[in-house]
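These notes concern the structure reproduced below.
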Amino acid sequence: MHVLILGGTTEARRLAELLAGDAGLRVTSSLAGRVAAPRLPPGEVRVGGFGGAEGMAAWLREHRVDALIDATHPFAKAISFNAASAAATAHVPLLALRRPGWVAGEGDDWHPVGSLEQAARVLPALGERVFLTTGRMGLAAFAEPDLAALWFLVRSVDAPEPPFPARMEVLLDRGPFTLDGERELLRTHRIDVVVTKDSGGAATAPKLAAAREAGVPVVVVERPPVPEGVPVTTTPEEAATWLQHSDAP
């Protein structure tokens, strides 16, 4: 059985590790190529796009893929919808692997929004020194002239490219992060508002606890939905179990 994992996440790597020891499986992980030095999973690896849904469907057929698992980032909306379309066209079983989203708790001051543009619009009313943890893509939303008075600390794995905020410091780092480290970051940079995507998972969650302790508001960009009709599992172990019981040969 040939399994294609659309990866780039911790969960995707873990799934590839779980499947690597099965002699009856051929596992290929596909990475988008947006990170300069990605952590490679075991098994075969391809890097780059497919050329849209039609290109992915052609790749599935050409490489005789028997099952497709979409374990991309929860905000990788385009690739997820392309995967749903391609799987339907190529008649390949599809599963979405998504880590659970974060849930606000007692003491949290969260401001949910539907997009980065909406996040940018609410910032001036919440603070002046912004910890922006949405990655290096999409910084144009915070480059608007009406945000010129705000200062941004931008944390990302790779250096961002313009357009980006007028007043900005870049912190190149990769999770997982610690609570003590996030506390110190908020204090050192005098952060008074945090912006994050609801990526879920434990690797970057300490910033939320640090913000709660410090009484700092958090603007949370809500994740897009999984394409309609696609089954969802939340752990690599559940995805491996699904694979055993899928309709794939």
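No experiment lies behind these values; they were computed from the predicted model shown.
Side chain of T9 to main chain of A71: a donor-acceptor pair is present (N/O by atom type, distance under 3.5 Å, no hydrogens or angles). Counting only distance, with no hydrogens or angles, the side chain of R46 and the backbone of G49 share a donor-acceptor pair below 3.5 Å. Using a distance-only test at 3.5 Å, with no hydrogens or angles considered, a donor-acceptor pair links the side chain of R129 to the main chain of H189. Between the S85 side chain and the F81 main chain, no donor and acceptor come within less than 3.5 Å of each other. Of the possible polar contacts, none joining the D22 side chain to the L19 backbone as a donor-acceptor pair under 3.5 Å is found. A donor-acceptor contact shorter than 3.5 Å is absent between the side chain of R98 and the backbone of P74. A side-chain donor-acceptor contact under 3.5 Å links D66 to the backbone of H2.
Taking all atoms of both residues into account, the shortest heavy-atom contact from W102 to L208 is CD2-CD1, 3.4 Å. Closest of all the heavy-atom pairs between L186 and A211 is CD1-N, 3.8 Å. Looking at every heavy atom in both residues, L147 comes nearest to P124 through CD2-CG, 3.7 Å. Scanning both residues, A57 and A86, for their nearest heavy atoms gives N-CB, 3.5 Å. Looking at every heavy atom in both residues, D158 comes nearest to R136 through O-CD, 3.4 Å. The two residues W110 and A104 come nearest to each other via the heavy atoms CZ3-N, 3.3 Å.
With contacts defined as side-chain heavy-atom distances shorter than 4.5 Å, the pair K197/L116 qualifies. Side-chain atoms of I5 and L15, non-hydrogen and from C-beta on, do get closer than 4.5 Å to each other. Residues T204 and T133 form no side-chain contact, since every pair of their non-hydrogen atoms from C-beta on lies 4.5 Å or further apart. Residues R99 and S199 are in side-chain contact: their nearest non-hydrogen atoms beyond the backbone lie under 4.5 Å apart. For the pair M1/L243, a side-chain contact is recorded, criterion being any heavy-atom separation below 4.5 Å from C-beta on.
In this structure, L172 is not a member of the same hydrophobic cluster as L185, with clusters built from ILVMFWY side-chain heavy atoms closer than 4.5 Å. Linking Ile, Leu, Val, Met, Phe, Trp and Tyr whenever their side-chain heavy atoms come within less than 4.5 Å leaves I79 and L31 in two separate clusters. Transitive grouping of hydrophobic side chains (ILVMFWY, heavy atoms separated by less than 4.5 Å) brings V154 and L123 into a common cluster. Linking Ile, Leu, Val, Met, Phe, Trp and Tyr whenever their side-chain heavy atoms come within less than 4.5 Å puts I191 and L171 in one cluster. In the hydrophobic clustering of ILVMFWY residues, with side-chain heavy atoms under 4.5 Å counting as a link, V195 and V170 come out together.
Q244 CD to L25 CG: the interatomic distance, rounded to the nearest 0.5 Å, is 9.0 Å. If you take CD1 on I69 and OG on S29, they are separated by 9.5 Å, rounding to the nearest 0.5 Å. Rounded to the nearest 0.5 Å, atoms CG (L6) and CG (D70) are 5.5 Å apart. The structure places CD of E44 at 10.0 Å from CG of L4, a figure rounded to the nearest 0.5 Å. From F142, atom CZ reaches atom CZ of R121 across 10.5 Å, with rounding to the nearest 0.5 Å. Of the inter-residue distances, the one linking R174 atom CZ with R155 atom CZ reads 13.0 Å to the nearest 0.5 angstrom.
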Between D109 and V216, is a side-chain contact (heavy atoms from CB on, under 4.5 Å) present by the stated rule, with each step listed? CA-CA 7 Å; D109 181 13; V216 171; over 6 Å; no

Evaluate D108 against V218 for side-chain contact (heavy atoms from CB on, under 4.5 Å), listing each step before the verdict. CA-CA 8 Å; D108 283 318; V218 180; over 6 Å; no

So L139 and L132, side-chain contact (heavy atoms from CB on, under 4.5 Å) or not? Walk me through it. CA-CA 9 Å; L139 292 184; L132 189 57; 3.5 Å; yes

How far apart are the C-alpha atoms of L95 and W242, what are their side-chain angles, what is the distance that settles it, and do they pass the side-chain contact (heavy atoms from CB on, under 4.5 Å) test? CA-CA 8 Å; L95 174 75; W242 171 86; 3.7 Å; yes

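Using a 4.0 Å cut-off between charged side-chain N and carboxylate O, E11 and R14 make no salt bridge.
Using a 30° and 60° split on the angle between ring planes, W59 and H63 fall in the parallel class, below 30°.
Within a 6.0 Å radius of CD in E213, other residues, nucleotides and ligands contribute more than 12 heavy atoms. When the shell of 6.0 Å around CZ of R187 is examined, it contains more than 12 heavy atoms from other residues, nucleotides or ligands. The 12-atom threshold is exceeded at CD of E184, counting heavy atoms of other residues, nucleotides or ligands nearer than 6.0 Å.
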